[in-house]
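Naming: A, B, ... by sequence-line order, numbering from 1 per chain.
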Amino acid sequence: MIRDLIEESLPFFSEAMSSLGVPDSDWLRLFGKATVEDHADVALPCHSLAKVLRRSPADIAEEICSLVSTKLEEIAEVSYIGGFVNLKAKPTWLSRRLIEIHSDDRIGVTADVGLTYVVDYSAPNVAKEMHVGHLRSTVIGDTIVRMLEFKGHKVIKENHIGDWGTPFGMLIEHLLDLGEDEAANELSVGDLDSFYKQAREKFVSNDEFAERSRGRVVKLQGGDSETLRLWRVLVDESMRYFNEVYSMLGVLLDDEDIRGESSYQDLLPIVVERLSKEGILENSDGADVVFPEGWYNREGEPLPMIIRKGDGGYNYSTSDLACIIDRIDRLSCDRLLYVVGTPQKQHFEMVFQVATMAGFMPDSNIATHVNFGSVLDTNGKVLKSREGEVIKLHDLLRESINRASEAVSKKNPDLDDKEREEVAKLVGIGAVKFADLSTERTKDYVFDWERMLSFDGNSAPYLQYAYARICSIFRNWAGEREGIIGSKFLLNHPDEIYLSRKLVDFPSILEESIQSFNPHKLCIHLLSIASSFATFYENCKVLNSEDENSKLSRLSLCDLTARQLHLGLGLLGIGSPERM
RNA sequence: GGGCGUGUAGCAUAGCCUGGAUAAUGCACCGGCCUCCUAAGCCGGGGACCGCGGGUUCGAAUCCUGCCGCGCCCGCCA
């Protein structure tokens with residue numbers, strides 16, 4: 001709304017300002033969103049004009065106000081106070097915008113000319129437990145995928161699972177020690193962590209085992225078929241478990257999206273070859289490295305990116321470079337997104353820089369590290385999967401669903417078992433996802449079991465509840481819901497107006513959220529929609545409204561609110577039950 | 001040591017990019033509201049030297065700078 005309001009009132013301000021002799025450069029950047037919602041939607045602070053015009057800000061504001069107020073009659077209420085010119089959208093203007101949005105299938109959100117995005121997210125490690133860090137990547141990535149698709153882009157999901165590297169020697173040997181059946185059994189109950197820990201334990205304490213493990217790595221890399229078969233067992237069992245978590249979470253990822261590190265093995269020599277051909281590969285202490293400009297180590301010497309280790313093995317940078325080649329050449333993507341934690345920021349900066357240097361990635365491609373903060377415990381320490389009790393994702397989700405189930409039976413005993421369980425799943429999972437999505441993603445966040453499972457306040461259940469109440473209104477109404485599209489919005493009550501302002505703002509906030517890969521912006525706005533709806537609902541009768549036109553108008557407000565909540569939640573990967 | 005990030009009521013967060021008016025929201029706390037469309041809700045209240053100091057500006061939580069606390073990264077792990 002702010003955007004449209006500014007756009008529509010701008011010509012009148014231009015006229016007024018030029019009649020005062022103020023050049024555009026002096027005032028245009030001042031004209032924008034009001035900082036205090038109660039005062040205005042759009043404001044022009046005149047304080048800095050005082051010097052130019054040699055008049056007081058209050059005087060200037062008053063004159064501007066008188067110059068534009070009649071011209072803006074159809075658009076906004078104009079007032080002045082304390083050197084500010086304030087514009088407040090008129091209810092009639094809001095009604096017009098509401099009708100446009102309400103009768104649009106995409107509720108006012110335009111579709112872009114599609115680009116091809118590759119989104120790299122989730123990326124759990126084979127034979128390792130998925131933890132809360134993977135939850136962040138998975139949930140944030142899923143939302144970004146949904147948002148980009150909604151905006152009309154082609155999105156290719158890539159789940160870069162950790163299925164290759166030196167640990168697989170010990171994992172395979174451990175698998176053999178346990179016996180395949182026993183090992184498969186252990187892995188399939190989802191006890192990946194203890195499997196990994198046992199292997200690790202033996203590796204550090206048992207020289208013979210360590211020796212075997214190293215030998216096994218060589219066999220694996222050499223393509224030994226029996227070793228590959230055992231490796232496959234590990235991968236498949238882990239994937240079975242990951243898929244179970246994905247299915248609980250209700251994310252879009254499936255087996256088609258898996259492209260683990262192992263699938264880039266063939267490309268690694270090509271990376272070396274191409275870097276060498278570009279003349280940027282150097283030998284340093286026996287390793288093949290690239291020195292990207294501008295990076296230094298502790299001693300102030302150029303910092304290398306290791307492409308091929310002294311022992312001939314490849315490094316993860318090599319694998320990431322191979323990925324870039326693959327995504328650009330094979331998938332012909334325009335944009336590459338990496339939903340990976342902040343600690344890897346420098347790594348990605350270097351990888352992108354080298355990829356550009358080497359000509360793997362032309363300027364028409366843009367790679368973005370969509371970073372997110374670490375998960376901290378309540379003492380502010382980073383949650384580590386290595387030590388202490390790890391919170392298993394599966395347990396967390398199960399617990400949330402159980403709690404939701406209890407809450408549903410208590411609050412709404414009329415629901416039958418089947419519906420209760422369906423609702424519990426949507427509510428429980430929604431709460432967990434929303435807890436993760438609603439804060440600014442680059443900041444670290446404190447993992448608090450209780451808060452994450454909270455169903456009141458700033459939470460997904462609060463949004464779902466608002467949606468369910470609206471559905472209830474329509475169930476109680478005799479009319480056809482689709483029939484109200486196009487009906488007039490009569491905005492008289494302050495709470496109707498306040499809600500309307502939030503609804504009119506939805507498209508631009510959503511677009512901002514998508515464009516910046518910041519789902520929390522959408523989350524915050526959805527909360528403010530639901531909150532203003534709750535106030536409206538408390539104070540304005542809908543079905544029992546005084547007259548028919550007012551009833552239709554309020555039903556339209558309800559309908560539009562519901563559609564925005566439904567779309568918004570949907571883009572966050574959160575379901576909206578019709579009753580709860 | 002170098003680099004990056006972060007610090008906002010008891011707790012958790014938004015606002016910082018793009019400076020503006022009374023710093024917003026939730027939890028917790030205190031007080032009200034279900035004979036009426038779902039109380040997972042609504043209304044009211046108390047609670048903040050926006051880490052500390054300097055600077056720029058008519059105006060700083062926001063920009064610059066110094067310091068302090070915390071976190072992460074800095075060559076053969078991924």
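- Rounded to the nearest Å, the gap between the C1' atom of A14(B) and that of A23(B) is 10 Å.
- Shown here, C34(B) is classed syn by the O4'-C1'-N9-C4 or O4'-C1'-N1-C2 angle, which is within 90° of 0.
- Distance Glu37(A) CD to U22(B) P: 16 Å, rounded to the nearest Å.
- Base pairing analysis places C49(B) opposite nothing; no Watson-Crick or G-U wobble pair with both distances below 3.5 Å involves it.
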With 3.5 Å as the limit, what N/O pairs link the protein to nucleotides 47-50 of chain B?
none

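- The residue Gly165(A) sits apart from the nucleic acid: no heavy atom pair falls under 4.0 Å.
- We find that NE2 of His347(A) is positioned 13 Å from P of C73(B), with the value rounded to whole Å.
- Using a 4.0 Å heavy-atom distance criterion, Asp38(A) is classed as making no nucleic acid contact.
- Going from atom CG of Leu30(A) over to atom P of C58(B) covers 13 Å, rounded to whole Å.
- With both pairing distances under 3.5 Å, G5(B) is matched to C70(B) as a Watson-Crick or G-U wobble pair.
- Look at Lys443(A) and you'll find a side-chain N or O under 4.0 angstrom from OP1 or OP2 of G7(B).
- Among the atoms of the strands shown, none is found under 4.0 Å from any heavy atom of Gln464(A).
- Residue contacts shown for His520(A) are limited to sugar-phosphate atoms, with no base heavy atom under 4.0 Å away.
- Residues Glu173(A) and Phe203(A) are not in side-chain contact: their nearest non-hydrogen atoms beyond the backbone lie 4.5 Å or more apart.
- Nucleotides G69(B) and C29(B) place their C1' atoms 29 Å apart, quoted to the nearest Å.
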Base versus backbone protein contacts along nucleotides 36-42 of chain B [heavy-atom cut-off under 4.0 Å; B, S, -]:
BBBSBBS
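- Under the Watson-Crick and G-U wobble criteria, each requiring two contacts below 3.5 Å, nucleotide U22(B) is left unpaired.
- For Asn315(A), a side-chain nitrogen or oxygen approaches OP1 or OP2 of A78(B) to under 4.0 Å.
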